[in-house]
J.: 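Quick one: this structure, given as structure tokens, is what I'll be asking you about.
Every chain is numbered from 1, with letters handed out A, B, ... down the list of sequences. Any value given below was found using the heavy atoms of this structure, including those in side chains, with hydrogens, waters and symmetry copies removed.
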Amino acid sequence: MLARTYRLIKKEDFRKTYANRKSLANPLLVLYHFKKSNQYAPRIGISVSKKIGNAVIRNKVKRRIREAMRSYLPKIKTEYDLIFVARIKIGKASFKEIEKSVEDLLIRAKMIRKMSKT
RNA sequence: CGAGUAUGCCAGAUGACCGCGGACACCAAAUGCCGAAAGGCGGUGUCUGAGGAAAGUCCGAGCUCCAUAGGGCAAGGUGCUGGGUAACACCCAGUGGGGGCGACCCCAAGGAAAGUGCCACAGAGAGAUACCGCCGAUGGCGGGCAACACCGCACAGGCAAGGGUGGAAAGGCGAGGUAAAAGCUCACCAGCAGUUAGGCGACUAACUGGCUCGGUAAACCCCACCUGGAGCAAGACCGAAUAGGGGAACAACAAAACGGCCCGUUUUAGUUCCCGGGUAAGGUCGCAUGAGGUGUCAGGCAACUGGCAUCCUAGAUAAAUGGUCAUCACUCCUUUAAGGAGGACAGAACUCGGCUUACAGGCAUACUCGCAAU
RNA sequence: GGUGCGGUGGCGAAGCGGUAACGCUGCGGACUGCAAAUCCGCCAUUCGUCGGUUCAAAUCCGACCCGCACCU
């Protein structure tokens, strides 16, 4: 699992992020985001409902989303809370499709920091 | 070779790189960050990390709190016998009944002559009867006769064989018997009671007897046995907040623990209303050495039990097993010696023993039936 | 994780051993010049699903499926 500082846990934080009403979607995922102030690390929540499948499938989807996020984590703008909501089709998707979907949403939401040229 | 039955087992394997939970060791520590506080936050190495059902939550226990879990009633559960077990509604071995050619499988399987209820519609009648019917020997009435005999009627009365109704109609079937009939009598079968023999027992076998008694207890009930209630979100500690502040009312023939009721036990707290004040899924433990696993020896038909040796095998808290690749094994497809596709049901949450339900396939052992060959 | 309750026409809801009330909606008809209102008629053969007990099951018993509520 993610380190505690990167996790979005509290019900209140989820509620506030949904209430911000800023979202993007593609067939596999929905991304909600909420800009905070004075925050030094992005916090990420993952929501997989019972509609997706049984406990094994839901667990697998969560793992794959986390794995896909892992490489982007240091590049994400620090002052945001993000929530990924799984959609029904994700149960049948491969890891590569999920990885593409995560990348697509992060770029479209402009969450990737501009890295200094190397 | 094919079809099947029973029991037990497996749930792809190995390696490389990146990533995650836990334990241990070492290193690093800023007087740093988060938080009201308690407390938490780093790196490296080694070891370790989901199931046969982890599931449904249907039973049984341990454990914790309520009193140490007490008595009676009520309520609920179990229900052929014997054994196993911590316990069970589970397992083993039997009995009885049912199914299969067979190996074998299935069964909530105590009591209806302790009592009560119900048995709709139909039907005369559903523990009680006579609608159609059969008879009318006997008695009666009428005829007939010297008197009987005899003939008729179907009034008294007898019968339950046949018809019809129904899921079910006073044991079944055959023979004798009779006015017509009927266990009225007899043979066989079913059932009941008794005796004897065998078995710890359920029960079985033989003999004798009188002659027969509806179904339903997953209806109430009776009998025997069992059950106190709640659940790890139990519960304990730490921290914050509340209370330990104020006012009024009730209350020892009282109130609370106490939960369906009563008794009993313990305590003297408490309950209601108003004013004032105020917060959140806080942290640590419980939490994994246990009715434990494996091997072996002994007892037992078996379930299982005992001795000895040996092993330690997940403990998270929104929740850890994933990603990429290679090789081998398996299944399928296309073609030919290579390529492609695929892998069921399903994710520990205090812990065990069972049951039930879901499930791609594979392995081992024993046995049954059929065909062929020797 | 644990505990409890429920599932009956399209919707709500009664019935808890004897063959499925009632209200709303819908459909058809009557009334009307046309409507509304009113009146009459129709709509359950799988009572969530599968078994069992019984002569007979929505009802009693067991297993399974789905939905809802409560406990920090």
J.: Pick the C1' atom in B:A233 and in B:A318, then give their distance to the nearest Å.
T.: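 It comes out at 16 Å once rounded to the nearest Å.
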J.: Show the nearest heavy-atom pair for residues A:Ile98 and A:Ile65, with the distance to one decimal.
T.: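 Result for this residue pair: CG2-CG1, 4.3 Å.
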J.: Determine which nucleotide pairs with B:G12, using a 3.5 Å limit on both distances of a Watson-Crick or G-U wobble pair.
T.: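 Pairing partner: B:C328.
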J.: Does C:U3 have a Watson-Crick or wobble mate here (both distances under 3.5 Å), and if so which one?
T.: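 Base-paired to C:A69.
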J.: Answer yes or no: does a side-chain N or O of A:Arg64 lie under 4.0 Å from OP1 or OP2 of B:G323?
T.: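 Affirmative; the distance criterion is met.
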J.: Taking B:C304 as the reference, what is the distance to B:C91 when you measure between their P atoms (whole Å, please)?
T.: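 It works out to 12 Å between them.
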J.: In the strands shown, is B:G94 matched to any nucleotide by a Watson-Crick or G-U wobble pair with both distances under 3.5 Å, and which?
T.: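 B:G94 is paired with B:C80.
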J.: Quantified in whole Å, what is the C1' atom distance between nucleotide B:A358 and nucleotide B:A53?
T.: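 Those two atoms are separated by 8 Å.
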J.: For A:Arg58, report the nucleic acid contact type (base, sugar-phosphate, nothing); a contact means any heavy atom under 4.0 Å.
T.: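 Contact class for A:Arg58: none.
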J.: Across all strands, who's sitting opposite B:C220 as a Watson-Crick or G-U wobble pair, both distances under 3.5 Å?
T.: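 B:C220 is paired with B:G115.
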J.: My understanding is that a pair needs two contacts under 3.5 Å, Watson-Crick or G-U wobble. By that rule, which nucleotide pairs with C:C50?
T.: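 Pairing partner, where one exists within any strand: C:G62.
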J.: Within the side chain of A:Arg64, is there an N or O that forms a donor-acceptor pair under 3.5 Å with the backbone of A:Ser94?
T.: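 No: the side chain of A:Arg64 does not pair with the backbone of A:Ser94.
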J.: With the 90 degree cut-off around zero defining syn, does B:G370 come out syn or anti?
T.: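 With its glycosidic angle more than 90° from zero, B:G370 counts as anti.
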J.: Any side-chain N or O of A:Asn59 below 4.0 angstrom from OP1/OP2 of B:G347?
T.: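 No, no such contact exists.
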J.: Would C:U38 be called syn or anti here, given the cut-off of 90° from 0?
T.: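 Anti conformation for C:U38.
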J.: Suppose you measure atom C1' in B:C65 against the same atom in B:C258; what distance do you get, rounded to whole Å?
T.: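 Roughly 15 Å separates the two C1' atoms.
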J.: Taking atom P in both B:A137 and B:C153, what distance in whole Å separates the two?
T.: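 Result for the P pair: 12 Å, nearest Å.
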J.: If the glycosidic angle is within 90 degrees of 0 it's syn, otherwise anti, so just tell me which one B:A269 is.
T.: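 You should classify B:A269 as syn.
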J.: Among A:Tyr18, A:Phe84, A:Tyr80, whose ring-ring contact (aromatic ring centres under 6.0 Å, His included) with A:Tyr32 holds?
T.: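 Between A:Tyr32 and the candidates, ring-ring contact (aromatic ring centres under 6.0 Å, His included) is satisfied uniquely by A:Tyr18.
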J.: Taking atom types as they are modelled, would you say the side chain of A:Arg63 forms a donor-acceptor pair with the base of B:G19 within the 3.5 Å cutoff?
T.: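 There is none.
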J.: Does A:Arg70 have a side-chain nitrogen or oxygen under 4.0 Å from the phosphate oxygens OP1 or OP2 of B:U324?
T.: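 Looking at the OP1 and OP2 atoms of B:U324, neither is under 4.0 Å from any side-chain N or O of A:Arg70.
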J.: Strictly distance-based, threshold 3.5 Å: is any side-chain N or O of A:Asn54 a donor or acceptor partner for the main-chain N or O of A:Ile57?
T.: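 Checked: pair present.
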J.: Nearest-Å distance, CZ (A:Arg43) to P (B:A318)?
T.: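 Between P of B:A318 and CZ of A:Arg43: 13 Å.
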J.: Between B:A219 and B:U196, how far apart are the C1' atoms? Round to whole Å, please.
T.: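 Pairwise C1' distance, B:U196 against B:A219, rounds to 42 Å.
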J.: What distance, rounded to whole Å, do you find between the two C1' atoms, one in C:G12 and one in B:A344?
T.: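 These two C1' atoms come out 44 Å apart once rounded.
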J.: Expressed in whole Å, how much space separates the P atoms belonging to B:G98 and C:A20?
T.: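 After rounding to an integer number of Å, I get 38 Å for this pair.
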J.: Across all strands shown, which nucleotide pairs with B:A291 by Watson-Crick or G-U wobble geometry, both distances under 3.5 Å?
T.: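 Pairing partner: none.
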J.: Return the nucleotide paired to B:C367: Watson-Crick means purine N1 to pyrimidine N3 with N6-O4 or O6-N4, wobble means G-U with N1-O2 and O6-N3, both under 3.5 Å.
T.: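 B:C367 is paired with B:G4.
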J.: Any side-chain to backbone donor/acceptor pair from A:Lys77 onto A:Lys110? Under 3.5 Å, distance only.
T.: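 Checking the backbone N and O of A:Lys110 against the side chain of A:Lys77, a donor-acceptor pair under 3.5 Å is found.
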J.: Which nucleotide, if any, forms a Watson-Crick or G-U wobble pair with B:C121, using both distances under 3.5 Å?
T.: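 Across any shown strand, B:C121 pairs with none.
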J.: State which residues pass salt bridge (charged side-chain N to carboxylate O under 4.0 Å, His left out) with A:Glu67; sequence neighbours excluded, sorted by chain then number.
T.: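 Only A:Arg70 meet the salt bridge (charged side-chain N to carboxylate O under 4.0 Å, His left out) criterion with A:Glu67.
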J.: Under 4.0 Å between a side-chain N/O of A:Arg66 and OP1 or OP2 of B:C20, yes or no?
T.: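 Indeed not, no polar side-chain atom of A:Arg66 lies that close.
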